[in-house]
Protein chains: 2
Amino acid sequence: MVQKSKPPTAATEPKRRGRPRAYEPDVALGKALDLFRKQGFAATSLDDLSTATGMNRPSLYGAFGDKRELYIKSYQRYRDEAGAAIGAVFREEMPLRQRLERIYASALDIYLSGDSGPRGCFTVVTAASEAVGDPEIRAMVLDGLTGLDKAFASCFRRAKEKGELPESSDPLVLAQIASATVHTIAIRSRARVPRKELEAIVKGAIDVMIGAKG
Amino acid sequence: MVQKSKPPTAATEPKRRGRPRAYEPDVALGKALDLFRKQGFAATSLDDLSTATGMNRPSLYGAFGDKRELYIKSYQRYRDEAGAAIGAVFREEMPLRQRLERIYASALDIYLSGDSGPRGCFTVVTAASEAVGDPEIRAMVLDGLTGLDKAFASCFRRAKEKGELPESSDPLVLAQIASATVHTIAIRSRARVPRKELEAIVKGAIDVMIGAKG
DNA sequence: CGATTTTTGTACCATATCGCAAATTAATCC
DNA sequence: GGATTAATTTGCGATATGGTACAAAAATCG
């Protein structure tokens, strides 16, 4: 039940008072996230989480609260990471097609990762499921969905201004198709559709969005 | 623990031998399906299923097998129903736009139904989740996904032949966008996005697919 | 070193869960 | 009516589950 034996890594120790933690909260949360992504909320037991994180249940509870809180914190972490990944692509300057390709590539990287099979998208695979019954999770899911829509919308708006899209194009509509494409590969990846096929879907969608063919 | 007190409804009784069933398998499976759609596999207990179907656990077990088998049978039932609904739309002759509108309308009917909140799509919300770990479910999910793709593809192929689409259009690509649109509304409906918004997404997607604007 | 603080480890509790065995009930067949 | 068949009902049992109480451990502070 030990995660790391060597003393706390971070140099910025405010010299905590009592017995030092045997785990690093960040890596523990990462492990919890992995499990929740793979199995969902209900199918993941505290024992599972305990062995995966290397923390025993009381420590888990003390650090993150009960199972639902841990789930929400895991989801928050996932969203932060995913948001950072696509945010990076948005900040760089590049042609529309390339930007889209990069976004979908990093989405696929996220969805297809995992030792025991692709884990898909947290939002789509498990959070959406919990969203019906849990208002807090629902709010996060909605926020994630509209966040993606908006990111794509601004992306297309910018492209249109730069003349990369015909004047007749509607950035909001294109954004929803772009989001839908993200959603469809998220679902398909969970069914172990091979990356090649997912990339083909992405390519076709990009062609349509850019107006190469329709 | 009684589902119906009156004797078996169906006129086609082969005069079964022993004590008559107190339930009708069809309605029981429907109730099970409702629950699984709402809660997913792991979060649905046999007790839940028992009270919902009006059958006690041994009867449930005798009729449908263990929980996983019941889940698979429920999913099969869902697919049969959904397939029948869109199949009906495909058999009729009508212009492309109208056909697409009808398909999405019946999809929304399915996704948004439910007493305690919209239940979304079985395939997307729960089956895809189980698909990673269960080959049989995965096969069903894949079958459902490609089935939808193919249905849309033939739809667009027909439309192209009839001159409803430009010669440059690729039915396979359009089909994948059409499927992606189904997937995105399935996910969003689970997050309680109102029907109006979902219909707007559908309308935008149809416009792009038909080539009205891009 | 002793007191204090914080975390860990063990053990536990109440309940839920899945599945099944045995007895009971209700129908048909002869 | 008695035998047979099939479904129901009750209840059990082994295990899993989420959560917590409590003592031991490991650090800092004075």
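Residue numbers start from 1 in every chain, and the chains themselves are labelled A, B, ... in the order their sequence lines are given, proteins ahead of strands.
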Quick one: sort the A:Phe36 and A:Phe41 rings into parallel, tilted or perpendicular, breaks at 30° and 60°.
parallel

Rounded to the nearest Å, what distance is computed from the CG atom of residue B:Asp48 to the C1' atom of nucleotide C:dT17?
11 Å

Are B:Arg99 and B:Val89 side-chain neighbours, meaning at least one heavy-atom pair lies under 4.5 Å?
yes

Just how far, in rounded Å, is P of D:dA6 from CE of B:Met55?
16 Å

Among A:Arg79, A:Arg138, A:Lys150, salt bridge (charged side-chain N to carboxylate O under 4.0 Å, His left out) partner for A:Asp143:
A:Arg79

Contact letters for nucleotides 18-28 of chain C, in which S counts primed atoms plus P, OP1 and OP2 and B counts the base, heavy atoms under 4.0 Å
BBBB---BBBB

Value in whole Å for how far the C1' atom of D:dG18 lies from CG of A:Leu60:
11 Å

Under 4.0 Å from OP1 or OP2 of C:dG9: is there any side-chain N or O of A:Asn56 that close?
yes

Are the side chain of B:Arg77 and the backbone of B:Ile72 linked by a donor-acceptor contact shorter than 3.5 Å?
no

Would you check if A:Thr184 and B:Thr184 make a side-chain contact, meaning some heavy-atom pair closer than 4.5 Å?
no

Can you tell me how the ring of B:Tyr71 sits relative to the ring of B:Tyr75, calling it parallel under 30°, perpendicular over 60° and tilted otherwise?
tilted

Nearest whole Å is fine: how far is D:dT8 P from B:Arg21 CZ?
8 Å

